[in-house]
Protein chains: 2
Amino acid sequence: MSTNKTVYVILGLLSEQPLSGYEIKKLIKLRFQFFWSESYGQLYPTLKSLVKDNLIQVFPLEKQSSRNEIKYYITDLGKEKLKEWLFVSPEKETIRLEILLKMYFSLNTPEVPMIEYLSAFKDNYSDAINTLNLFQKELEQIAFEDNHEDILHIIDFGQKVYKAYIEWSEETIKYFKRKNTK
Amino acid sequence: MSTNKTVYVILGLLSEQPLSGYEIKKLIKLRFQFFWSESYGQLYPTLKSLVKDNLIQVFPLEKQSSRNEIKYYITDLGKEKLKEWLFVSPEKETIRLEILLKMYFSLNTPEVPMIEYLSAFKDNYSDAINTLNLFQKELEQIAFEDNHEDILHIIDFGQKVYKAYIEWSEETIKYFKRKNTK
DNA sequence: CGGCGCATGTAACTTGTTACATGATTCC
DNA sequence: GGAATCATGTAACAAGTTACATGCGCCG
């Protein structure tokens with residue numbers, strides 16, 4: 001029952017505006033970075049298969065803005081398919097956090113540089129939360145539009161969760177430092 | 001460079017005690033539920049390939065406790081391999097949260113039952129956090145052992161992150177309710 | 001003797017990443 | 001003219017899920 005989600009990210013983004021594969025990749029990175037990602041190896045073949053199923057279409061050659069780029073637009077069938085998916089309950093997410101696994105299995109191997117791992121983890125999410133904060137400010141500044149408030153809530157998810165990540169890593173770093181000096 | 005992590009979960013668990021595939025599956029669910037999962041379709045074939053690589057071994061028939069069960073133990077080579085992995089920095093985790101995707105793409109489709117989705121999300125993690133709290137209390141009660149404090153920190157990760165999830169979903173539910181009555 | 005939980009397994013498939021190849025365009 | 005970035009693509013592989021099949025042992 002696990003439907004290919006890549007399909008819906010593409011349909012969703014194309015439902016706003018026509019885009020090329022490359023632009024889709026960039027948009028996913030820009031907007032969804034903190035809760036979604038796609039690789040080219042997944043993206044381009046999916047675009048092809050969506051065209052075959054008539055859920056999206058390629059702009060006719062004469063409408064293309066550059067020779068290299070291939071812009072796609074969503075068809076009515078595609079819009080339907082997207083809407084259908086929106087009405088299906090989200091599946092339970094599976095998360096895999098290698099750092100916790102390593103922490104667990106290195107309980108008896110104190111030489112493992114857990115503090116180093118935790119610092120990298122923390123730095124990574126500190127950067128991410130800064131990006132989100134910036135994004136939030138930008139959104140708050142520009143004139144109020146329909147969806148801004150909704151999007152702020154999506155950003156807030158990232159902020160809250162990353163804050164938890166960061167607090168946990170700080171505390172855990174302290175714990176390991178204390179432990180090491182004992 | 002993405003090494004098969006299932007290998008290391010198995011090696012890690014077997015480094016504590018001999019186990020069967022079925023027991024490994026159960027242990028992963030019990031201990032790692034909130035940050036790891038494995039399916040049988042991944043587990044059993046991996047066990048076979050680990051035996052082939054001499055990282056684990058099957059107990060000789062006469063030592064098996066029951067006819068159905070196949071217990072494995074870790075070899076010295078396996079212990080080495082596990083240790084090696086512990087010294088490699090954890091890879092960046094990829095998270096995919098379908099609920100945020102649906103929220104984003106349903107901005108213009110208010111009929112989508114986001115409140116329902118959010119409630120299910122919240123309930124799910126409320127249950128999970130209760131389990132973790134119980135687990136924590138159990139650990140705190142039994143006499144102090146080597147690794148309890150470390151494990152408490154691992155549990156604390158789940159507690160902090162789930163708390164963030166729950167707070168976010170509560171706030172977002174409120175937001176949607178307000179929005180609907182407008 | 002029926003059902004549940006224990007226990008192992010696999011085939012078919014889907015999903016996803018990585019590494020590579022290719023070439024145009026833009027900017028310095 | 002060289003580097004960066006735009007832009008598309010694929011082949012080989014790795015990872016992972018699902019659905020199914022099979023049979024034992026125990027309890028009521």
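Worth saying up front: this structure is predicted, and the values here are computed from it rather than measured. Heavy atoms only: backbone and side chains are in, while hydrogens, waters and symmetry mates are out. We name chains A, B, ... by the order of the sequence lines, and we start the count at 1 in each one.
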Tell me: [atom1] of [X] to [atom2] of [N], nearest whole Å?
X     : N      : atom1 : atom2 : result
B:E93 : D:dA15 : CD    : P     : 17 Å
A:K25 : D:dT5  : NZ    : P     : 15 Å
B:Y40 : C:dT10 : OH    : C1'   : 15 Å
A:K26 : D:dT5  : NZ    : C1'   : 9 Å
A:I24 : D:dC6  : CD1   : C1'   : 15 Å
B:K48 : D:dA15 : NZ    : C1'   : 19 Å
B:K92 : C:dT17 : NZ    : C1'   : 15 Å
A:I70 : D:dT10 : CD1   : P     : 10 Å

Report yes if the side chains of [X] and [Y] come closer than 4.5 Å at any heavy-atom pair, otherwise no.
X      : Y      : value
A:V7   : A:W85  : no
B:I151 : A:L107 : yes
B:K102 : B:Y117 : yes

Checklist entry - Between B:G21 and B:T94, which has a closest nucleotide on DNA chain C that is more 5'? => result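 Here B:G21 is the residue nearer the 5' end.
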Checklist entry - Which comes earlier along DNA chain C counting from the 5' end, the contact point of B:E23 or that of A:S39, where each point is its nearest nucleotide? => result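 Looking at the nearest nucleotide for each, B:E23 comes out on the 5' side.
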May I ask you to evaluate whether [X] reaches the phosphate of [N], defined as a side-chain N or O under 4.0 Å from OP1 or OP2?
X     : N      : value
B:Y22 : C:dT8  : no
A:T6  : C:dT15 : no
A:N4  : C:dT15 : yes

Taking only the side-chain heavy atoms of [X] (C-beta and beyond), determine which of [options] contains the nearest atom.
X     : options               : answer
A:N68 : C:dT25, D:dG9, D:dC24 : C:dT25
A:R96 : D:dG16, D:dC6, C:dG16 : D:dG16
B:Q42 : C:dA7, D:dT8, D:dA15  : D:dA15
A:E69 : D:dT8, C:dT8, C:dT18  : D:dT8
A:Y44 : C:dT17, C:dT8, D:dT10 : D:dT10

Checklist entry - Cation over ring, B:K25 on B:Y40, under 6.0 Å and within 45°? => result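 The answer is yes, since B:K25 meets both limits relative to B:Y40.
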Next on the checklist: For the NZ atom on B:K160, are there more than 12 heavy atoms of other groups (residues, nucleotides or ligands in this structure) within a distance under 6.0 Å?
Outcome noted: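 Enclosed.
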Checklist entry - What is the nucleic acid contact for A:G41, judged by heavy atoms within less than 4.0 Å: base, sugar-phosphate only, or nothing? => result base
